[in-house]
Amino acid sequence: MNFNESVWKFIKKIPKGKVATYKEIARAIGNVNAFRAVGNACNKNPHSPKALCHRVVAADGKIGGYAFGEKKKILLLKKEGVAVSNGKIVDFENVLYKFD
DNA sequence: GTCGTGACTAGCC
DNA sequence: CGGCTAGCCACGA
């Protein structure tokens, strides 16, 4: 199994209305220091509609970025039930999903 | 096989 | 408190 496949798999495990941080995902995989590779994998993900990359945010609750545009990501999150304000998650810890 | 880049994070000034 | 630098991993050329 490739690293980026694991990333997508964990992302798919994120329930609707919840979000996860790159760091948590990287930690779940086993390489907490690979958070950079996590985002990188999603960016180049060939599973655009399958990989729910928009549910992944930065450790500070910031959007960070999105292949289709941060604004689009925010919109999607809002539709999922995640409140976002000024490019940041409102109840970040409240909607934060942990793989623990 | 080596260099450069990227949707990051934590620490330092 | 805010901005900048260094370090980390994986992938593409």
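Here the structure is a predicted model, which means the values were calculated and not measured. Only heavy atoms go into these numbers, but all of them, side chains included; no hydrogens, no water, no symmetry mates. Protein chains get the first letters and strands the later ones, always in sequence-line order, with residue 1 at the start of each.
Note that CG of A:L52 is 13.5 Å distant from NZ of A:K13, once rounded to the nearest 0.5 Å. To the nearest 0.5 Å, atoms NZ (A:K98) and CD (A:E93) are separated by 7.0 Å. Separating the OG atom in A:S85 from the NZ atom in A:K78 is a distance of 7.5 Å, to the nearest 0.5 Å. Once rounded to the nearest 0.5 Å, the distance linking SG of A:C42 with CD1 of A:I25 reads 6.5 Å.
In this structure, A:K18 and A:E80 have side chains that are not in contact, with every pair of non-hydrogen atoms separated by 4.5 Å or more. Side-chain contact between A:K16 and A:R55 is present, with heavy atoms from C-beta onward closer than 4.5 Å. Between A:V7 and A:N2 the shortest side-chain heavy-atom distance does not fall below 4.5 Å.
Qualifying ring pair (Phe, Tyr, Trp, His ring centres under 6.0 Å) partners for A:Y97, counting only residues two or more places apart in sequence or in other chains: A:F99. Here A:N31 pairs with nothing under the side chain to side chain donor-acceptor pair (under 3.5 Å) rule; sequence neighbours left out. By the side-chain contact (heavy atoms from CB on, under 4.5 Å) test, A:N86 is found to be paired with A:K88, residues two or more places apart in sequence or in another chain being considered.
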Pairs under 3.5 Å (Watson-Crick or G-U), crossing ones as [ ], inter-strand ones as |: DNA chain C comes out as .||||||.|||||
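Side-chain heavy-atom separations under 4.5 angstrom define the hydrophobic clusters, and A:V90 shares its cluster with no other residue. Grouped with A:I63 in one hydrophobic cluster are A:V19, A:V57, A:I74, A:L77, A:V82, A:V84, A:I89, A:F92, A:V95, A:L96, the linkage being side-chain heavy-atom contacts under 4.5 Å among Ile, Leu, Val, Met, Phe, Trp and Tyr residues.
Classification of A:K73 and A:E70 as a salt-bridged pair fails, no side-chain N sitting under 4.0 Å from a carboxylate O.
For the segment residues 53-62 of chain A, residues with any heavy atom less than 4.0 angstrom from an atom of DNA chain B are, sorted by number, A:C53, A:A58, A:A59. Contacts between residues 19-35 of chain A and DNA chain C, defined by a heavy-atom separation under 4.0 Å, are made by A:N31, A:N33, A:A34, A:F35.
Listed by first and then second residue, the ring pair (Phe, Tyr, Trp, His ring centres under 6.0 Å) pairs that reach into residues 13-40 of chain A come to none, sequence neighbours excluded. Residue pairs meeting the ring pair (Phe, Tyr, Trp, His ring centres under 6.0 Å) criterion with at least one partner in residues 65-90 of chain A, sequence neighbours excluded, are A:Y66-A:F68.
On the nucleic acid side, DNA chain C has its first and last nucleotide under 4.0 Å of a heavy atom of chain A at C:dG7 to C:dA10, going 5' to 3'.
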Output a table of nitrogen or oxygen pairs between the protein and nucleotides 4-6 of chain B separated by less than 3.5 Å.
from: B:dG6; atom 1: N2; to: A:N40; atom 2: ND2; distance (Å): 2.9
from: B:dG6; atom 1: N3; to: A:N40; atom 2: ND2; distance (Å): 2.9

